[in-house]
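Order of appearance sets the numbers: ligands from 1, and atoms from 1 within every ligand. Predicted model only: the values in this text are computed from it and were never measured.
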Amino acid sequence: MLANFIKTLAATENPVPVIGPAFAEVAKKYHIGLLKSVFFVAPSFSTRKGEDREDILFSSGTPTEQTPSYSETYYTGEKGVATFQMYRWLGEPEFTEKEKEELKAYADTLLVVFGRFRMINAIKQIGHTDQLTGLPNTGGFLTHIDKIIAKGEITKYNAFYFNLARFSLVNKRFGTKETDTIIYRYANEVAAFFQEGECLGRLGGDNFVAIVKKERTQEFLQLISGVKTYGMLNSRAVPIIISAVAGITEITGEIPHCGTLIEDCGMALNMAKYVTKQPYAFSSVDMKQRFYEERQYVSRFYEAVENKEFKAYYQPKVNIDDYSIVGAEALVRWEREGKLVPPGDFIPVFEHNGMICALDFYVLEQVCSDIRRWLDMGIMPGRISVNLSRKHLSNPNLAEEIMQVLGKYEMESRYLEIELTETVNEEETEQLITFMNKMKVNKIAMSIDDFGTGYSSLNLLRSFPVEVLKIDKSFLDVLDKNNRIILSHIIRMADELGMSVVAEGVEHMHQLECLKEMNCKVVQGSLFDGPMPREFFEEKMQKGKYSIE
Ligand code: C2E
Ligand code: MG
Ligand code: MG
């Protein structure tokens, strides 16, 4: 009988449905009316909430004793306790020692069979579980969403993709090991918010996903805007507040695939992080369109370089006294499928994807090659400035690479100027100063672009006077009292520090007159010309100056 029992249970992966029928014969022999299992497992990594359950495995329907007539308790490998209880028919005598010994063999069998069953489940579960936090991983999260979709309840929820803000600083400060523990603590704090049906998952690193009931969206955003936890540093608990940036998708109807849900949220997250620079953003149709375009830009980049679709356009810089052309700024354009794409559309995308450095060098080569051509034609181009993204500053060989390009076209450095916008942090400022020193040695002029709109202007000038300040167009747009005061002082300060000033975005005569009064020497703007292709600029240079009534 025992052999049969073992054989039946061993033949199936999930023993629960077959235990009842398999035990019936045993129950009849020993006059047992009820077989129960009781599981208690403390909360742990594999079972976040722990377990405390009682199941009826077999019931004959016959009235039984109130207390178990035979019970066997085992300690399980997961720091849990499993008990199997057998209740005899009402009024039956107690089991003899011999009977108990026989029944123990059945209980032992049940333990082994359940152990195997729980192990199989645990393995399946681990495949869907993030090893660090015990939260669902991508697979686990998507499985959960699938279940909610199957229930027809998905529109009750909003989906979130969130990323911990400035988390690399935490990593730097506490080290990888402690940072892992911080993520674990953080996950626990956030997980405590979740209710039945909702789900928090970790995709890896500091990226989390969630679905939360719609009406709890604001509450959830509030929670993740600053989670208090701590990190251990030299055996001391240092309190930290972790804030997250989130992309949210409001689920309003059918979703084609649950993967697209994560993708939509990811798009919104990027929007919040890089474009609006807000703690969160909701995904929208516009955003999807934009994201799609961005992806197209990125995937088309190398092909576009190959096809020479990027063109340096030139915007003349004009001497304010005699309107002679003293140089130009090279501004990139993308001639794409017969259309001219302005840099504002693709430069932020390439900055984000790291392609900007390749693009800037491509433009630099074109400019050097054009200058070589002009010099060979006997045209004196003055000084041509090229914009470099600040992304270059982390390249320690930047100056050497620029000099290599100049060498390739046998070009003197006095024809080139490098424009960089103001830096935003100390580390970058240091890199900028190192770079500027090298440029100085190589006699290449440097200008600070969009001067007055960044953070470090004066500090930078104190540490290193550059050749040119390019005053941002915004100061000229509204020539009110305050802007006039600022403008005239920048111009005077630059003059006294031995720098020159180029005023950008001069569109109207009254702006020009105002700048003249302030003693500004060089201007650039549509009042004279906007950026133009090389051939047109060649013609302008041959004329040499503008005439304006
Ligand atoms: P920026 O370097 O400050 O360039 C000046 C921008 O003002 C140019 O816009 C120019 O066309 C525009 N502009 C000039 N005069 C006027 C005017 O009178 N009125 C108005 N409304 N605008 C005027 P553009 O060409 O669209 O370039 C935008 C920005 O893209 C540039 O600002 C620069 O930061 C960036 N950029 C352009 N080419 C490159 C490049 O090759 N590499 C890098 N890294 N950035 C570039
Ligand atoms: Mg510029
Ligand atoms: Mg500018």
Side-chain angles (χ1 to χ4, degrees), residues 297 301 304-305 309-318 320 325 327-335 339-370 383-395 398 402 405 416-424 432 445-454 457 466-479 490 501-512 514-515 522-534 536-537 546 548:
Y297 284 154
F301 177 74
V305 168
E309 292 175 24
F310 293 107
K311 293 275 156 59
Y313 273 46
Y314 295 93
Q315 180 175 38
K317 289 180 192 166
V318 181
I320 208 164
I325 296 174
E329 173 174 9
L331 292 156
V332 70
R333 297 288 180 268
W334 188 350
E335 289 179 0
K339 273 195 269 172
L340 210 59
V341 188
D345 282 14
F346 56 87
I347 287 203
V349 179
F350 292 151
E351 284 213 310
H352 180 201
N353 288 282
M355 286 152 176
I356 190 67
C357 296
L359 178 64
D360 281 349
F361 266 89
Y362 181 84
V363 173
L364 177 70
E365 279 242 25
Q366 228 179 75
V367 169
C368 290
S369 142
D370 287 348
R383 203 159 67 192
I384 309 293
S385 60
V386 171
N387 292 282
L388 286 192
S389 160
R390 279 185 314 195
K391 290 266 170 322
H392 289 277
L393 289 177
S394 55
N395 171 7
L398 177 60
I402 293 174
V405 180
L416 188 69
E417 176 179 318
I418 300 290
E419 290 191 14
L420 271 163
T421 53
E422 293 169 89
T423 46
V424 289
L432 176 62
M446 286 285 314
S447 51
I448 300 296
D449 203 354
D450 306 340
F451 183 78
T453 59
S457 330
V466 289
E467 276 80 359
V468 185
L469 297 186
K470 297 197 76 179
I471 302 185
D472 193 64
K473 180 177 180 301
S474 55
F475 289 101
L476 286 183
D477 283 343
V478 186
L479 274 174
I490 293 178
V501 165
V502 174
E504 289 190 284
V506 180
E507 295 173 338
H508 308 288
M509 206 56 205
H510 74 269
Q511 294 171 323
L512 190 74
C514 177
L515 288 164
V522 182
V523 294
Q524 181 187 335
S526 61
L527 177 64
F528 297 95
D529 263 317
M532 62 187 87
R534 188 197 69 201
F536 291 118
F537 182 56
Y546 287 89
I548 284 186

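- Here the shortest heavy-atom pairing between L331 and P531 reads CD1-CG, 3.6 Å.
- Ligand 1 has at least one atom lying under 4.0 Å from a heavy atom of K473.
- Annotation: side chain of Y314 is in contact with side chain of D370 (closest heavy-atom distance under 4.5 Å).
- For atom 12 (C) of ligand 1, no protein non-hydrogen atom is found at a distance below 4.0 Å.
- Annotation: atom 18 (O) of ligand 1 to nearest protein heavy atom, S526 N, 2.8 Å.
- Contact annotation: the side chain of Q315 never approaches that of D529 to less than 4.5 Å [non-hydrogen atoms, C-beta and beyond].
- Heavy-atom contacts of G505 reach the following atoms of ligand 1: 15 (N), 16 (C), 17 (C), 18 (O) (cutoff under 4.0 Å).
- Proximity of V466 to L420: side-chain heavy atoms (C-beta onward) are nowhere separated by under 4.5 Å.
- Close contacts between ligand 1 and D360 involve ligand atoms 40 (C), 41 (O), 42 (N), 43 (C), 44 (N) [criterion: under 4.0 Å to a heavy atom].
- Here D472 fails the criterion, with no N, O or S atom under 2.8 Å of the Mg ion (ligand 3).
- The protein reaches atom 15 (N) of ligand 1 closely, with a heavy atom under 4.0 angstrom from it.
- Residue Q524 has no nitrogen or oxygen atom sitting less than 3.5 Å from a nitrogen or oxygen atom of ligand 1, judged on distance alone.
- Every atom of ligand 1 is numbered from 1 in the order shown, and the set under 4.0 Å from a heavy atom of P343 is 24 (P), 25 (O), 26 (O), 27 (O), 28 (C), 30 (O), 37 (C).
- Ligand 1 is approached by R333 to a heavy-atom distance shorter than 4.0 Å.
- Using cut-offs of 30° and 60° for the angle between ring planes, the H508 and H510 rings count as parallel.
- A heavy-atom distance below 4.5 Å is not found between the side chains of V386 and D360.
- Protein non-hydrogen atoms do not reach within 4.0 Å of atom 6 (C) of ligand 1.
- Contact annotation: for L527 versus ligand 1, there are no heavy atoms closer than 4.0 Å.
- Here is the list of ligand 1 atoms found below 4.0 Å of a heavy atom in G525: 15 (N), 18 (O).
- Closest heavy-atom contact between E351 and S389: OE2-OG, 2.6 Å.
- In this structure, G530 falls outside the shell of residues with a heavy atom less than 4.0 angstrom from ligand 1.
- Taking the Mg ion (ligand 3) as the apex, the angle formed with OD1 of D449 and OE1 of E504 is 90°, to the nearest 10 degrees.
- Residues I471 and L476 are not in side-chain contact: their nearest non-hydrogen atoms beyond the backbone lie 4.5 Å or more apart.
- Residues P316 and Y546 form a side-chain contact, since some pair of their non-hydrogen atoms from C-beta on lies under 4.5 Å apart.
- F310 pairs with exactly one of W334, F361, Y297 by the ring-ring contact (aromatic ring centres under 6.0 Å, His included) rule, that one being W334.
- Near P531, meaning under 4.0 Å from any of its heavy atoms, are these atoms of ligand 1: 11 (O).
- Taking a 4.0 Å cut-off on heavy atoms, P342 fails to register as neighbouring ligand 1.
- Annotation for ligand 1: atoms under 4.0 Å from non-hydrogen atoms of E329 are 1 (P), 2 (O), 4 (O).
- Note that atom 44 (N) of ligand 1 has protein non-hydrogen atoms nearby, at separations under 4.0 angstrom.
- Across all non-hydrogen atoms, the minimal contact from D450 to T453 is O-OG1, 2.7 Å.
- Which parts of ligand 1 touch E507 is read off a 4.0 Å heavy-atom cut-off, strictly below it: atoms 17 (C), 18 (O), 19 (N), 20 (C), 21 (N).
- Of the listed residues (V363, V386, L331, T453), the one carrying the non-hydrogen atom nearest atom 10 (C) of ligand 1 is L331.
- Here the CD-CZ distance, from E419 to F451, works out to 14.0 Å after rounding to the nearest 0.5 Å.
- Counting backbone and side-chain atoms alike, S447 contributes no N/O/S atom closer than 2.8 Å to the Mg ion (ligand 2).
- Nearest-heavy-atom check against atom 35 (C) of ligand 1 across L359, I347, V332 picks out I347.
- Residues V468 and R383 meet the side-chain proximity criterion, which asks for heavy atoms closer than 4.5 Å.
- Across K470, E417, E329, a single residue satisfies side-chain hydrogen bond (donor to acceptor under 3.5 Å, both in side chains) together with S447, and that is E417.
- Side chains of L388 and I402 form a contact here, defined as non-hydrogen atoms less than 4.5 Å apart.
- For atom 3 (O) of ligand 1, the nearest protein heavy atom (residue, atom name, distance) is D450 OD1, 3.1 Å.
- Nearest protein heavy-atom neighbour of atom 1 (P) of ligand 1: D449 OD2, 3.6 Å.
- In this structure, NZ on K317 lies 8.5 Å from CD on E504, to the nearest 0.5 angstrom.
- When the N, O or S atoms of D450 are ranked by distance to the Mg ion (ligand 3), OD1 comes first.
- Rounding to 10°, one obtains 90° for the angle at the Mg ion (ligand 2) between OE2 (E329) and OE1 (E419).
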